[in-house]
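In what follows, every chain begins at residue 1, and chains take the letters A, B, ... in the order their sequences are listed.
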Amino acid sequence: MGTRASICIIATSMWSFFHKLGSPPWLYKISGSILRWLLPITVVALAVGLAWGLLFTAPDFRQGNSYRIIYIHVPAAIVALAAYYIMALAGAVSLIWKMKMADIAMKACAPIGASFTFLALVTGAIWGKPTWGTWWVWDARITSMLVLLFLYLGVVALYEAFDNKEAASKACAVLALVGTVNIPIIYKSVDWWYSLHQPASIKMTGGSSIDSSMLYPLFWMIASVYALFACCMMLSMRVEILKSEGKTGWVKRLATESNS
Amino acid sequence: MNQASSRIESTLSSAQFCRRLLRRQLVLAIRRPVEIGNPLLFFTMVVALFPLGLGPAPAQLAEFAPGVLWIIALLSNLLTSDAIFRGDFEDGSLEQLLLSPQPLYLSVLAYIGAHWLVTGLLLALVSPIFAVMLNLSTASIPALVGSLLLGTGVLSLLGCVGAALTVGLRRGGMLISLLILPLYMPVLIFGSAAVNAAVLGNPAGPYLAILAGMLCFAVALAPFAVAAGLRISIDA
């Protein structure tokens with residue numbers, strides 16, 4: 001009986017939290033108070049992580065100092081992939097529950113995710129030149145990241161093409177969901193396709209597990225880049241909220257209060 | 001008389017409705033044979049570009065032929081998919097379709113089926129001629145036709161998703177290729193892999209089976225995305 005009651009309480013409180021997420025003023029306020037401490041922490045964490053990774057870890061036995069780009073490349077790639085699933089999830093939520101804030105989250109996610117994907121591709125190319133001897137390889141992982149970039153840009157382009165922004169978000173949500181199916185298929189297909197043509201002569205020089213002295217700063221950087229992503233999302237969503245709610249009372253009050 | 005006919009109309013089963021819609025689409029296509037001929041002409045012309053660009057050496061052409069033929073099939077499918085819903089959107093019959101009590105899934109499937117019959121099927125049937133022109137080995141022609149038959153079905157289904165999402169937009173043409181090309185890539189990979197396997201004397205069966213699996217997957221899911229896209233475009 002007691003457990004059932006507590007489950008009920010948890011469910012109702014979760015529902016009310018979910019309900020509040022749909023309210024622009026609440027989201028604007030709560031994201032503002034989160035950003036007030038998350039933004040400085042992120043900046044410090046990124047600075048510490050970069051200094052740790054780029055300056056204080058030992059150089060790699062085979063790659064020398066060039067491997068240090070891993071501290072930017074891997075976190076960017078991980079966040080780029082995660083952002084796509086967040087975008088698709090937000091799209092699904094907005095299609096199913098017609099939540100306006102999910103639309104805004106999805107719209108904010110696309111350019112941010114595209115930037116992280118681009119960063120991962122560029123750092124990968126820069127890393128590839130000294131270690132693989134080439135800027136670009138049509139390897140499964142690289143090709144699927146490139147397709148990921150195309151999918152992000154497709155969502156952005158589709159959103160911009162619609163005049164009716166409500167329809168634009170719905171169309172983008174459908175496209176994002178279709179793309180979700182595509183990414184694993186692309187990854188597997190290129191994997192098989194590549195291995196058919198020629199044996200993978202160029203591989204990640206890894207294989208040997210990373211030493212913990214290199215792994216800890218990597219984990220630190222992954223966490224910091226996730227925090228950076230969260231900050232970018234919230235900042236971008238706040239701008240969108242203000243734009244779309246510009247004519248409502250609470251935004252006007254906000255503007256007059258901050259002016260006085 | 002009118003009452004009787006309206007009763008017949010109201011008791012029209014979904015399958016009958018779907019068949020009539022398919023027939024209507026095909027009749028519309030046949031009345032304008034140029035629309036059917038254009039993708040084939042495009043296919044021919046682009047095939048002619050490759051010997052000019054790559055040089056006419058037969059061995060070299062044969063090496064590139066599987067990928068070239070598949071890419072051209074993909075492009076001609078892409079160029080035609082923009083127009084699938086456009087006419088019906090402009091004259092309002094698409095709106096009537098959405099309002100009708102028939103399941104949209106099946107109606108959409110009729111549109112896709114008609115598109116595949118006038119582009120994919122025809123391309124697959126004429127592809128052996130171009131395969132011979134590009135010096136592709138005759139042993140690999142069954143794999144080429146088979147992979148095109150299955151693969152263009154998936155392409156039509158995916159192209160329809162893009163067409164549905166962009167039908168309400170004034171400048172859909174360029175946008176639709178940006179949206180759909182990333183989705184086409186797995187089909188291209190397996191389609192050309194099937195032909196390449198046949199060229200090397202390996203069995204193409206596994207690749208064709210994967211293409212068939214993708215086709216089943218797309219038939220099951222893509223019409224829902226198309227239906228959602230059409231609703232969004234009509235509402236906008």
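Scanning all heavy atoms of the two residues, the minimum distance from B/Pro182 to A/Val147 falls at CB-CG1, 4.0 Å. When all heavy atoms of B/Asp235 and A/Asn164 are compared, the pair lying nearest together is O-ND2, 4.5 Å. In this structure, A/Gly154 and B/Leu179 approach most closely via the heavy-atom pair O-CD2, 3.3 Å. Here the shortest heavy-atom pairing between B/Leu175 and A/Ala161 reads CD2-CB, 3.5 Å.
When the shell of 6.0 Å around CZ of A/Phe118 is examined, it contains 12 or fewer heavy atoms from other residues, nucleotides or ligands. Counted within 6.0 Å of OH on B/Tyr105, heavy atoms from surrounding residues, nucleotides or ligands total more than 12; the atom is thus considered enclosed.
Using a 4.5 Å heavy-atom cutoff, the side chains of B/Thr166 and A/Leu158 are in contact. Side-chain contact between B/Leu178 and A/Phe150 is absent, with no heavy atoms from C-beta onward closer than 4.5 Å. Using a 4.5 Å heavy-atom cutoff, the side chains of A/Leu151 and B/Leu183 are in contact.
Not counting sequence neighbours, B/Glu63 has no partner by the side chain to side chain donor-acceptor pair (under 3.5 Å) test. Residues satisfying the salt bridge (charged side-chain N to carboxylate O under 4.0 Å, His left out) criterion with A/Lys165, sequence neighbours excluded, are absent altogether.
Of the listed residues (A/Val174, A/Leu177, A/Val181), the greatest number of heavy-atom pairs within a distance under 4.5 Å of chain B belongs to A/Val174.
Within the model, atoms CD1 of B/Ile232 and CD of A/Glu166 stand 10.5 Å from one another, a figure rounded to the nearest 0.5 Å.
Only the side chain of B/Phe217 comes within contact range of chain A, with heavy atoms under 4.5 Å apart.
Each of B/Val161, B/Leu165, B/Ile180 was evaluated against A/Leu175; a single residue qualifies, B/Leu165, per the side chain to side chain contact (heavy atoms under 4.5 Å, CB included) test.
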